[in-house]
Amino acid sequence: MVSQFSYSEVPVEAHALRLRYAHGERLACQVEDLRLKKGQCLVLCGPSGSGKSSLLHLINGLVPGYYQGEIEGSLRIGQLSYQEASVECLASQVASVFQNPATQFFHQEVLQELVFPCENQGMTASDIAERLAEVTKAFQLEPFLERPMESLSGGQKQAVAIASATMQGTDIMVFDEPTANLDATGVERVQEMLLALKQQGKTLIIAEHRLAYLSEIADSYAYFYEGELKELWEAPVFLAYSEKKREEWGLRTSDVASYQARVEELDRSFVNDRSGLEVQNFGVYHQGGYLYQLEHLVLAPRQVVGLVGANGSGKTSFARSLLGLEGDKTGVVRWQGQVLQKRKRLAKMAYVMQDVRLQLVTERVEKELTLGRASTQLDDEVLKAFRLSQLLGRHPMSLSMGEQQRLMIAASLLSDKDIIIFDEPSSGLDRGQMEQLATQLQLLKAKGKLVLLISHDAELLARVCDKVVDIGNLKTS
Ligand SMILES: Nc1ncnc2c1ncn2[C@@H]1O[C@H](COP(=O)(O)OP(=O)(O)OP(=O)(O)O)[C@@H](O)[C@H]1O
Ligand SMILES: [Mg+2]
């Protein structure tokens, strides 16, 4: 069906386009004029909550298909427009890749996941086999075809998500922060895949905070601010702007390499200070299975410790085992010299997950912030720092990704735990918020807490960490 449409030279065109969500106070996305040429790559940048994902959702039909909202103006996808075609029909012209690949998988095995979009479109078995051969070859996925999805690392999952979207055979593909949870190798892999897709003539629209890896792929950049597309730059013009200008616009650095070098220089030694956390003969588990052993780790309080290591090296599993959420049977965990039994650990430790959506349990932001606390008092300073004051009455699921992340980080700051573990907290944050987060982590440290920071974000690690622990180097079996 998809191939019946002959694309015009302008696959995406918007005029006086306006979106207001059903529960939104202000316009979430406003685009006066946007014309994208076939085969071009447009990058959407701008602070959190500025309307980037909303534009992607208009293009892939999630609005109004999934999220309800009022749409004005015109939006054309290929030769179809909102006024003339059904949402399903428009949406079938666009393949989507999201920040967290797990949210878009339907099957347990890589091969099934790849062929699913084609089966769904009613393609013949021989056409599916042909497309599968092309896509697996282009993205070098042959060794993974038989693997169960859950056995893949974050970077490998994202590669499958991109390949699976490519299997749909659409000319237009949209990506919402596709590298947010990936390490440097994972980012490189996504970069290669995007380049290959561009060479195949696909039209790509990518919303991102991490901009450095896109500089050789992007043809133009759209800058969003407070729900409006404010500037549209050709790539050379945007790339020529100084670091200082980017900072003013709230955009992340283009110079990741210098931050990576600073992380390399951070302290990696241990002192035998038992006034904080001590972990001995500790088995790290993942989904009930034993992964590896950590012999001895001593971390003093009043510091921020970066937990680093490639995607799949077991950082999150370490955090979950430490929290007592996974089954360690042999090891000892002490805090200030006292043994912390498994069931007592959650009383001492707070955890901010990589996918914060899984942690949102109440129906109001305000409730989420006071959950599990005796007092319902909110700290104005924290609310202000995380720009949550205006969002207190909102449903947490109606917030943008960055807003949700800020909410959970603020909730952990307000809790009275001694050890706070953050799992990739800056993945959905813009520059200003990343800087705010760095300040807040320093504040936690000053209050005597031990902050464990699992992150691939070299800029954040370099700014806040006193010490770095490479999980890959600590494993003993
Ligand atoms: N389903 C929804 N219902 C109501 N308001 C929403 C919904 N989704 C997003 N919004 C609001 O619309 C505005 C734009 O959000 P959007 O998700 O497009 O931002 P973004 O630029 O992608 O941000 P981020 O960088 O944090 O992902 C925000 O004010 C957000 O709170
Ligand atoms: Mg977004």
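Whatever order the structure lists them in is the order used to number ligands and atoms, beginning at 1.
For the atom pair OG1 of T376 and CG of L369, the computed distance is 11.5 Å after rounding to the nearest 0.5 Å. Going from atom CG of L461 over to atom CD of Q260 covers 10.0 Å, rounded to the nearest 0.5 Å. With rounding to the nearest 0.5 Å, the separation of CZ in F144 from CD in Q156 is 4.5 Å.
Ring pair W233/Y241: centre-to-centre distance below 6.0 Å.
Taking only nitrogen or oxygen atoms, main chain and side chain alike, E403 reaches within less than 3.5 Å of ligand 1. Checked by distance only, ligand 1 and G51 come closer than 3.5 Å through their nitrogen or oxygen atoms.
A donor and an acceptor atom, one from each side chain of S53 and D176, are located under 3.5 Å apart. Counted by atom type alone, E231 and Y221 present zero donor-acceptor pairs between their side chains at under 3.5 Å. Between the side chains of E234 and S220, no donor-acceptor pair of N or O atoms lies under 3.5 Å. For S54 and Y21, the side-chain atoms include at least one donor-acceptor pair closer than 3.5 Å. Side-chain contact annotation: H456 with E424, donor-acceptor N/O pair under 3.5 Å present.
E381 CD: 12 or fewer foreign heavy atoms inside a 6.0 Å radius. Other residues, nucleotides and ligands contribute at most 12 non-hydrogen atoms within 6.0 Å of the CD atom of Q108. No more than 12 heavy-atom neighbours from other residues, nucleotides or ligands sit within 6.0 angstrom of CD on E150. Summarising the local packing, CD of E243 is surrounded by more than 12 heavy atoms from other residues, nucleotides or ligands at distances under 6.0 Å. No more than 12 heavy-atom neighbours from other residues, nucleotides or ligands sit within 6.0 angstrom of CZ on R35.
For the ring-ring contact (aromatic ring centres under 6.0 Å, His included) test, no residue two or more places apart in sequence or in another chain qualifies with H395.
Heavy atoms of F224 come nearer than 4.0 angstrom to ligand 1 in no pair at all. Heavy atoms of H57 come nearer than 4.0 angstrom to ligand 1 in no pair at all. Heavy atoms of H209 approach ligand 1 to within less than 4.0 angstrom. At least one heavy atom of R394 sits less than 4.0 Å from an atom of ligand 1.
Of the protein's non-hydrogen atoms, S398 O, 3.3 Å is the one closest to atom 7 (C) of ligand 1. Y21 CD1, 3.4 Å is the protein heavy atom nearest to atom 5 (N) of ligand 1. Among all protein heavy atoms, the one lying closest to atom 21 (O) of ligand 1 is K52 NZ, 2.8 Å. Atom 17 (O) of ligand 1 has S400 CB, 3.4 Å as its closest protein atom, hydrogens excluded (heavy atom only). Looking only at protein heavy atoms, the nearest one to atom 16 (P) of ligand 1 is S54 OG, 3.6 Å. Nearest protein heavy-atom neighbour of atom 1 (N) of ligand 1: Y67 CD2, 3.4 Å. Counting only heavy atoms of the protein, atom 27 (O) of ligand 1 lies nearest to E177 OE2, 3.4 Å. The shortest contact between atom 12 (O) of ligand 1 and any protein heavy atom is with A28 CB, 3.3 Å.
With a 4.0 Å heavy-atom cut-off, ligand 1 is reached by the side chain of R26 but not by its N, CA, C or O. Only the backbone of P47 comes within contact range of ligand 1, with a heavy atom under 4.0 Å; no side-chain atom does.
By heavy-atom distance, the residue among G69, G227, G49, G24 lying nearest atom 20 (P) of ligand 1 is G49.
Less than 4.0 angstrom separates some heavy atom of S53 from each of these atoms of ligand 1: 17 (O), 18 (O), 20 (P), 22 (O), 27 (O). Near S48, meaning under 4.0 Å from any of its heavy atoms, are these atoms of ligand 1: 23 (O), 24 (P), 25 (O), 26 (O). Less than 4.0 angstrom separates some heavy atom of S50 from each of these atoms of ligand 1: 19 (O), 20 (P), 21 (O). Interface of G402 with ligand 1, defined as ligand atoms under 4.0 Å from a residue heavy atom, comprises 26 (O).
Of the candidates E228, E70, E32, E32 is the only one forming a salt bridge (charged side-chain N to carboxylate O under 4.0 Å, His left out) with R18.
Counting only distances under 2.8 Å, and ignoring water, the protein N, O or S atoms around the Mg ion (ligand 2) are S53 OG.
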